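Please read the structure below before turning to the comments.
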Amino acid sequence: MRIERSLSGNPGSTGEYVLYWALANRRIESNRALAFAAELANQRGLPLLIYEALTCSHPCANDRFHTFILEGVPENQRRAEALGAGYVFYLRKSRRDEDEVLYKLASKAMAVVTDEYPAYIPREYNASVPAKIGVPYYPVDASCIVPMDAIGKQEYGAHTIRPKIHRLLDDHLKPVPRVRLKTKFTARRPALHTSVTPDNIAKLVAASEIDHSVPPSKEFAGGRREAERRLRFFLKENLRRYAKFSREPSERATSQLSPYLHFGHISALEIALAVREYATEHKIIADEFLEELIVRRELAFNFARYGPKPDSLDALPEWARKTLAKHARDERPVVYSREQFETASTYDPLWNATQKELLRNGVIHGYYRMYWGKKIIEWSRTHQDALDTMIYLHDRYAIDGRDPNTYTNILWCFGLHDRPWTERPIFGMIRYMSLDGMRRKTDVDAYIAAQEDAR
DNA sequence: ATCGGCTCGCGCAA
DNA sequence: TGCGCGAAGCCGAT
């Protein structure tokens, strides 16, 4: 692995260890940023210290996300220490606490390595933190299979990025080499460490100064082991059904891994490798799944990284901005308030069921998520209101929200990475979706019944 | 049940 | 410069 891109200073100055800050990829295995930090440490004869944090000043901090993240911590600590690395987890319980642990740890580090991540808070950290610490700072892309840098520019759509990804895939679709640390971390653990065990998670969450009105997901428990369990289940039960049923939500044939991908409990790389191996062994064609996991996911990261902004209508292609502007003042026969959306109180039973899935589980099935978004456009006073509502609901409830993928999914509803269609009110030439269409293609009633039963 | 048109623009072949 | 075709469709004609 090359040592590249120093954003501030040069490695080689003094320090007691190399610090890896698990900002977006909260895992020890299959992590290129951590592997890079380990190589740097070995090169300098220093130990590796891994830092994972959870903050309450995050604008959407609530019980759901806190619980999910905390559930991953004991396993990360165990695996980090098994490598011979140091591990510090710090939960800042109060909104007023400064982010002083990172700065303290960084002040004794030879270099800070972290995750490049083109959205939400991590993106802001990577822009602001380097200037505040006096040591070299390396953000490494540990999220994508083909690193964002290897594409290097904003792509217009799946059809333009696909050939580039496939051309580069052989170079990158291989396991991250096992990390072996030459120097064990033997220093005393820094005092500011929050001990997390399966038993004290609920107590830690309750004591945090966060929004306690969004309960933990009823469906998804966080952590590496849970991610691995779901991957095994998907391979065994659903990979062979995926091509046929991925757009039939009532069949539940999708991987259910997006929450774990979002928090980095598992990597897209290891999922792709496991899927490819299982598919070869069992003579399954996995192309449809790998297209979603690789091409479309990486298109989303490409958009977030190289587009002007991942969460703004300004980032749409010109034809979409034009047609939306033309229809900005169209009459909206039905308009719901944010509260009506949030409480799943529309006239449409399918839409309400998708919103209930979001409220209860923290995800919406990928296919219905598009319908969910299209209807919010139809039922909002302005396009900007619709975007604000979608981002608000995702940021607040979706475990896989605040992610390049979800922002891209949301903007897709406004024409991003899509093409124009027959002009119609409100939508202009943006693709429209209807309840009749959903009924024609999917078993709407089975899905609604499943959401009702799940209460 | 199936089919074509709708409508724009990228990237490639020529 | 022309041409094919695209992230998940709709609608009306047959």
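Letters A, B, ... mirror the listed sequences (proteins, then strands); counts begin at 1. Heavy atoms only: backbone and side chains are in, while hydrogens, waters and symmetry mates are out. Small disclaimer: the values here were computed from a predicted structure and weren't measured.
- Using a 4.0 Å heavy-atom distance criterion, A/Ser246 is classed as making no nucleic acid contact.
- For A/Ser434 and C/dC10, the shortest distance from a side-chain N or O to OP1 or OP2 is below 4.0 Å.
- For the pair A/Ile426 CD1 and C/dG9 P, the interatomic distance rounds to 20 Å; values are reported in whole Å.
- Taking only side-chain nitrogens and oxygens, A/Arg369 never comes nearer than 4.0 Å to OP1 or OP2 of C/dA8.
- For the C1' atoms, the distance linking C/dC5 with B/dG4 amounts to 16 Å, nearest Å.
- When heavy atoms are screened at a 4.0 angstrom cut-off, A/His159 is found touching the sugar-phosphate backbone but no base atom.
- Distance CG (A/Leu293) to C1' (C/dA8): 17 Å, rounded to an integer number of Å.
- Here C/dA8 presents its P atom at 21 Å from NZ of A/Lys244, a figure rounded to the nearest Å.
- Between A/Arg123 and A/Pro118, the closest side-chain pair of non-hydrogen atoms falls below 4.5 Å.
- Atom pair A/Ile430:CD1 and C/dA8:C1' shows a separation of 15 Å (rounding to whole Å applied).
- Ranking B/dC10, C/dA8, B/dT7 by closeness to the A/Trp412 side chain, first place goes to C/dA8.
- When the side-chain nitrogen and oxygen atoms of A/Arg424 are compared with OP1 and OP2 of C/dC11, one or more of them lie within a distance under 4.0 Å.
- Proximity note for A/Trp319 (side chain, C-beta onward) versus B/dG11, C/dC11, B/dG9: the nearest is B/dG9.
- The listed nucleotides are B/dG11, C/dC10, C/dA8; the one nearest the side chain of A/Thr160 is B/dG11.
- Nearest nucleotide to the side chain of A/Met370, out of C/dA8, B/dG11, C/dA7: C/dA8.
- To the nearest whole angstrom, the two P atoms, one in B/dC10 and one in C/dG9, are 24 Å apart.
- For the pair A/Glu292 and A/Arg297, the salt-bridge criterion is not met [side-chain N within less than 4.0 Å of a carboxylate O].
- Proximity of A/Lys441 to the phosphate of C/dG9: a side-chain N or O atom is located under 4.0 Å from OP1 or OP2.
- Here C/dC5 sits opposite B/dG9 as a Watson-Crick or G-U wobble pair (both hydrogen-bonding atom distances under 3.5 Å).
- Base pairing annotation: C/dT14 forms a Watson-Crick or G-U wobble pair with B/dA1, both donor-acceptor distances under 3.5 Å.
- The pair A/Glu219-A/Arg230 counts as a salt bridge, with a side-chain nitrogen and a carboxylate oxygen less than 4.0 angstrom apart.
- Ion pair A/Arg225/A/Glu228 not flagged as a salt bridge, since none of the NZ, NE, NH1 or NH2 atoms sits closer than 4.0 Å to an Asp/Glu carboxylate oxygen.
- Residue A/Tyr367 places at least one side-chain N or O closer than 4.0 Å to OP1 or OP2 of C/dG9.
- Counting to the nearest Å, the C1' atom of B/dG9 and the CG atom of A/Leu416 are 14 Å from each other.
- A straight line from CG of A/Asp418 to C1' of B/dT7 spans 11 Å, rounded to a whole angstrom.
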Discussion item. Is there a side-chain hydrogen bond (donor to acceptor under 3.5 Å, both in side chains) between A/Asn361 and A/Ser217? Walk through the geometry before answering.
Written reply: CA-CA 5 Å; A/Asn361 296 344; A/Ser217 167; 4.9 Å; no
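- For the pair A/Glu251 and A/Lys244, the salt-bridge criterion is not met [side-chain N within less than 4.0 Å of a carboxylate O].
- Here A/Arg440 lies in heavy-atom contact (under 4.0 Å) with sugar-phosphate atoms only.
- Between A/Lys164 and B/dC10, a side-chain N or O to OP1/OP2 separation shorter than 4.0 Å is absent.
- Between A/Arg431 atom CZ and C/dC10 atom C1' the separation is 10 Å, expressed in whole Å.
- Only the C1' atoms considered, B/dT2 is 23 Å distant from C/dA7, to the nearest whole Å.
- Distance CH2 (A/Trp421) to C1' (B/dC8): 11 Å, rounded to an integer number of Å.
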